Number of protein chains: 2
Amino acid sequence: MANIQEVAQKAGVSVATVSRVLNQHPAVTAKTKLKVETAIKELNYEPSMLGRNLRNSESRLLLVLIPTISNPFYTEIINGIEDTAIMNDYNILLCDTDSNPQRENIYFNMVKNKLADGIISMDPAVDMEKLNGLATQYPIIQCSEYDERGTIPYVTIDNKLAAYRAVKHLIKLGHEKIALINSDEKFLYARERRAGYEKALKEFGLPVQEKWIYHTHQLEFEYGQQAMKKLLQRDERPTAIFSVSDTLAIGALKEINAHGLNVPEDIAIVGFDKISFSNMTNPTLTTVSQPMYKMGCTAATMLIDKIQERQVESIILDHELVIRESTMG
Amino acid sequence: MANIQEVAQKAGVSVATVSRVLNQHPAVTAKTKLKVETAIKELNYEPSMLGRNLRNSESRLLLVLIPTISNPFYTEIINGIEDTAIMNDYNILLCDTDSNPQRENIYFNMVKNKLADGIISMDPAVDMEKLNGLATQYPIIQCSEYDERGTIPYVTIDNKLAAYRAVKHLIKLGHEKIALINSDEKFLYARERRAGYEKALKEFGLPVQEKWIYHTHQLEFEYGQQAMKKLLQRDERPTAIFSVSDTLAIGALKEINAHGLNVPEDIAIVGFDKISFSNMTNPTLTTVSQPMYKMGCTAATMLIDKIQERQVESIILDHELVIRESTMG
DNA sequence: ATTTTATGTGTAATCGATTACAAAACATCT
DNA sequence: AGATGTTTTGTAATCGATTACACATAAAAT
């Protein structure tokens, strides 16, 4: 691959002039510009980002940290991020952290080393302390998951309200024995959704029973199955389930079917996220829809604003309860 | 962020010595080494990848091109790639190309610009001509999808044989009217799987009927639903479906259920990929399992070999037919 | 024709690392 | 002590771009 000097030589000009052509500096005659462009084409030259970034201290690359690409929840968000980034002449790189601090470090270093201009973190298991530390020096935005005590701007939904509405929907249908399949409450979203669940129960004078609250370690289907299995072993069987994730809800649904029970007649289910699978189950899944694409766009816009040193405020987006067959036969 | 000069100054040595410490060059006294390491810690110094890469012309970053993160098929492969890469001191960056040539270009440029050392492409819709051109100068491996006419090393499975076995399984169960839900035959895997389908039919003296072969434009569920809807409109209804993708098969399953028909009694289905959701459907989906994790590991190993200028040969891995409820009630 | 002004181009420093080579420091042997 | 060899450290070039500043050239004003 040719470099700028060779282009300069071939075009019979200085490297400065070549650089000016590359950066569309106005002070270049049409004639010189043409010479340079011809040379560039002939040599098949492409400027090195390395040299450029080293000098400019910018890479126009955004890092997107996701805990795992297995969860379809992230797909639409990423589309939003990507579209917005490209519109602003940025590109994104997906980083599958696997919630592994060591891998996270690699990506944090990319920002420190100017290989990337900023980070959008969607990993609830990220080392918050480290992230907050990094955020004092580098542009960082949190998307969907965030640290309530930190100062990093975020975009998310009102998880408590969303959960409240989901559970209220079940109560309005006449359910009184409503179980909660929650993930680990070390995550803020898990705590908030639980708060919403409890708020709804209390508002309608229903007791919050520990035996109907189950915590999973992960979000994969199997954990939902396992949770449901345990819940079905309780002496008193719940008539409805609110699950903090569609993947868990789908696993639960599978387990209910395996026990010869019917959804929603025997047990109703509400999930969370509206992943595309949720419409493929039988029955289809009632779920809380987050504006994922918009969330992605917002996060990207916020990050770019931050990079360009504009003021950035956290944003709470709307959500929507999508009622389908798993609650209304 | 401090740079190497500041560290050198603080430690009272030259930048060369600092660099030697960083790179574990043996010719540094324990005493000097300690001084430098103290200075590094005090200044919180981290070497800049930009400066380093510019000089070394290596980034130890691998690019992984996927058409979309929506398809769970890629998840396990990526885990394999990632684990192998990390074991060899490489890191990976996921690039969601969306099968968009413009986005591809961005990532191709990253390699040209030494921001990445090589590419693993899993995008069937990639511009093969361009990829082959790039491969003459840069390390590139194809995973799962490949160009039969090109010279880029690949790792994949025997798609024709896998399809043949899947269809033979249906024939052995007594099916004679077997439809094929295929994706676009501009993709090699689609052509090969069709060849396997036809081979099985012919071997058992069954006619290949165009009316039972449907091509979809994409792999999302909805396309499977649509395909099935069309197939159910045929004057003669098939008794079995072979779908080249689990996602399409799941859409088809949904559509069959919607028509009040039963799987596998009325219509049996075989999918392809063994995505995790294929075990959550009702009935569970018979499917062809690819050794995805191993495929990822292999692809990464091949790429690293290629980068380090070792000889690399293409590899065909084994597959397995996983028989579940959608073919055996 | 000469000075002033505007415009286009080149020179050279710079970003942050690595490394060949030179030089210094130290050890070993007559 | 002086010569020689070995080990450690420093100097300076280099990677590929950008850009402030200087300089050259052309156009406009006197």
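Protein chains get the first letters and strands the later ones, always in sequence-line order, with residue 1 at the start of each. Remember, it's a predicted structure, so these values are computed and weren't measured experimentally.
- Between A:Pro47 and B:Ser14, the residue anchored closer to the 5' end of DNA chain D is B:Ser14, taking for each the nucleotide with the nearest heavy atom.
- Using modelled atom types, one finds a donor on one side chain and an acceptor on the other under 3.5 Å when comparing B:Thr32 with B:Thr29.
- Going from atom CD of B:Glu6 over to atom C1' of C:dG16 covers 11 Å, rounded to whole Å.
- Defined by atom type and a distance below 3.5 Å, a donor-acceptor pair is missing between the side-chain atoms of A:Asn91 and B:Tyr107.
- The phosphate of D:dG16 (OP1 or OP2) has no side-chain N or O of A:Ser48 nearer than 4.0 angstrom.
- Between B:Leu62 and B:Ile307, some side-chain heavy-atom pair lies under the 4.5 Å cut-off.
- Among the atoms of the strands shown, only primed sugar atoms or phosphate atoms (P, OP1, OP2) are found under 4.0 Å from some heavy atom of B:Thr17.
- Taking only side-chain nitrogens and oxygens, A:Thr29 never comes nearer than 4.0 Å to OP1 or OP2 of C:dT7.
- The phosphate of D:dG16 (OP1 or OP2) has no side-chain N or O of A:Arg52 nearer than 4.0 angstrom.
- Residues A:Leu50 and B:Leu50 form a side-chain contact, since some pair of their non-hydrogen atoms from C-beta on lies under 4.5 Å apart.
- For the pair B:Arg20 CZ and D:dT11 C1', the interatomic distance rounds to 10 Å; values are reported in whole Å.
- Between the NE2 atom of B:His25 and the P atom of C:dT18 there is a distance of 12 Å, given to the nearest Å.
- Each of C:dT18, C:dT14, D:dG16 was ranked by its minimum atom distance to the side chain of A:Arg55; first place goes to C:dT14.
- Within the 4.0 angstrom heavy-atom criterion, only backbone atoms of the sugar-phosphate kind lie near A:Asn23; the bases stay farther away.
- Within 4.0 Å of B:Val18, counting heavy atoms only, lies no atom of the nucleic acid at all.
- Atom P of nucleotide C:dA17 and atom NZ of A:Lys114 are separated by 10 Å, given to the nearest angstrom.
- Candidate nucleotides D:dT18, D:dT11, C:dT18 were compared by shortest atom distance to the side chain of B:Ser19, and C:dT18 ranks first.
- In this structure, the CG atom of B:Asn53 is 11 Å from the P atom of C:dA17, given to the nearest Å.
- Atom CG in A:Leu22 sits about 13 Å away from atom C1' in D:dT19, given to the nearest Å.
- Computed from coordinates, the A:Met49 CE to C:dC15 C1' distance equals 18 Å when rounded to whole Å.
- Between A:Glu46 atom CD and D:dA17 atom P the separation is 11 Å, expressed in whole Å.
- Residue-level contact check: B:Leu54 touches the bases, meaning some heavy atom is under 4.0 Å from a base atom.
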Check step by step if side-chain contact (heavy atoms from CB on, under 4.5 Å) holds for B:Thr68 and B:Ile66. CA-CA 5 Å; B:Thr68 164; B:Ile66 48 178; over 6 Å; no

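- In this structure, B:Thr32 reaches the sugar-phosphate backbone alone: every heavy-atom distance under 4.0 Å involves primed, P, OP1 or OP2 atoms, never a base.
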